[in-house]
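Because only heavy atoms are used, hydrogens play no part in the values below, and waters and symmetry mates are left out as well, while side chains stay in. Just so it is clear: chains get the letters A, B, ... in the order the sequence lines come, proteins before strands, and each one is counted from 1.
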Amino acid sequence: MITQISAIGRTTRTIVEPIGSGARFVRDVFLAARDVRSWVPEFSTHARILGVESLPIGIFIALFTGIVLALLASYSVGDIVPPYFVGTLVQKTVTLELAPVLTGLALAGRVGANIAAELGTMRVTEQIDALETLTFDPMSHLVVPRVVASAAMFPIVVGVAMLVGMVSGWAASLLLLDISTPQFLKGVRIFFTSFDVRYGLVKSASFGAAVALIGCRAGLTTQGGAQGVGRSATRAVVISAVMILVLDAFWAIVWLTNRTLK
Amino acid sequence: MTTNKRASDFVVGLTVLLVVVVLIASTLWLKQADLGGRTKHITVRSRDVGGVALGNPVVIRGVRAGRVEQIALGDNDWVVLRLGFDREIELPNDPVVLLTASSLFGEWQATVTSRDGVPPDKVLKAAIEEARTSGDTLAGAVLPDIAQLTAVAGRISGDVAQVAERVQVAFDDAAARELRESIRNFARLSSELARTVNAQSKNLDKISANVQTGLVTINDAATRLNTFSGRIDSATSRGELQTIVNNSQNAARELVQAAQNLKALTDRLDRTESNLASAVARADSVFAKANSRDGTMGLMINDPGLYRQSDSLVRELRSLVADMKKNPKRYINVRVF
């Protein structure tokens, strides 16, 4: 009986412990963020690595997403609706959902794995221990600049992806679907609101912060040698992808429930 | 390291600036924001806005001329809309705004038209009149969209279905038999009717020939009438008709005078007749007395002896006169002193 109760307790602790340790980690990051002089010098380096160098991936994804969306819209609605609704569908889908989520998933693989592998390697090679020995706070020197850079640069990458997705959707409509530019623009403008862009950018910022936090925690908790680094990178990518979808649903519930275009 | 950090700063800063500028510019362009102040605004009030939303197009004579920029609830149950136009666009005379569905897919638009261009619908015109103001605010009204029309159509189709159901109930086997019998009767009736028509068609031919003849006659009469009217027209134009009318008036006056004279003559004749009747009555009385052999006259008329005596007297008087002519001195002796 005591053994069974202990088993239930262990299971519960196994489930709840990551949540608690994750919450503590987030709290520590916020506390370390107050040490501005420690992380600001590192910000631009990480912003370049995590953001600027991720632009090609975002552009590549958005380029084909726009083309596919235009063709899918035309295929799905056919002659039922006027052709300019292809523009509407491309604009709404790209700005509200696909640019943030697809780019976020792609960057989760690149950025999350990058951060986890980098910090994991530092952990297993005891560089972080050395920093701690020299009284450098690894949170403010290693985690905060990555989280801030990721949260700041994800919207930039997603913004570019929005523009590229729209342009590629327009090009596909013009070249493959015989939809004229005024028709496509009419469809884009007819239901366009600035909220669409704000929603996508805010969502992508939360994705960036989540991916960086998960990657940093996975890296800092790495154990073992090279295998441990690989496991941390994999875990960071998987959890980041799941968290992106969870946050996507969260923002939809928070901002889109009971909200209409009017 | 410092060079790398500086390069990173520049690259990141440039990227952020570029993306932010392009994003803001794209958003403003898609929202068709009024950056140069080239937009003029008009205010519209309406009881309802239907499905009109912010950003919906404003159309003048079918051409997109602006967009709906603001929708707000106003006083006294009004809804106030603000429409933005290009400053160079001229509104129609006496403008009103109709809020209409522009397609079947939930798109709405605000159509600016002149008051004369409002569809002839009493309810719509009443709504426009109610929303009119003396100021710059334009009157607006909502045209029923396809959803309302389909709702009405739905009710109508429901009624039709009920009627069809009732017809189905009423149209049983007995009704079908009666209908078949009616069709047979109708077929017989139509064949008889065809025979009758065939027989009557000959009469109709004759009648039509007569009618044609009559028409020719009428045509001749019309020609003569036309000639006559032409003469009248020419007479009218020369003043002869006026003369005729004047003569007719004179003749009528003379006829009136003659009638008055005739009346006076008739009155006199009446009096003469009564006098004559009285004279005749008296003569009759005299003749009656004469005929009754009473008195001298009666005896003279009715007594032959008296006639003979009188005749004898006359002869004697003639002989006496002859004798007096022959021997006047025998009877007449004139002396002086």
Does the side-chain contact (heavy atoms from CB on, under 4.5 Å) test come out yes or no for A/Met153 and B/Val16, once each step is laid out?
-> CA-CA 8 Å; A/Met153 294 308 288; B/Val16 170; 3.9 Å; yes
Looking only at heavy atoms, the pair that brings A/Ser44 and B/Val12 closest together is O-CG2, 3.4 Å
Once you round to the nearest 0.5 Å, how far does OG of B/Ser26 lie from CE of A/Met166?
-> 8.0 Å
Around atom CZ of B/Arg61, are there more than 12 heavy atoms of other residues, nucleotides or ligands at under 6.0 Å?
-> no
Are the side chain of A/Arg189 and the backbone of B/Trp29 linked by a donor-acceptor contact shorter than 3.5 Å?
-> yes
Output the option from B/Leu30, B/Val19, B/Leu18 having the highest count of non-hydrogen pairs under 4.5 Å with chain A.
-> B/Leu30
Is A/Phe195 atom CZ crowded by more than 12 heavy atoms from other residues, nucleotides or ligands, each under 6.0 Å away?
-> yes
More than 12 foreign heavy atoms under 6.0 Å from CG of B/Asp75: is that the case here?
-> no
Enclosure of B/Asp159 CG (heavy-atom neighbours >12, cutoff 6.0 Å) | yes
Of all the heavy-atom pairs spanning B/Leu23 and A/Gly159, show the shortest one and how long it is.
-> CD1-CA, 3.7 Å
Against chain A, label B/Thr27 side chain, backbone, both or neither, depending on which of its atoms sit under 4.5 Å from a heavy atom there.
-> both
Taking everything shown except B/Glu90 itself, do over 12 heavy atoms lie less than 6.0 Å from its CD?
-> no
Between A/Leu201, A/Ile49, A/Leu55, A/Leu163, which has the largest tally of heavy atom pairs under 4.5 Å with chain B?
-> A/Leu163
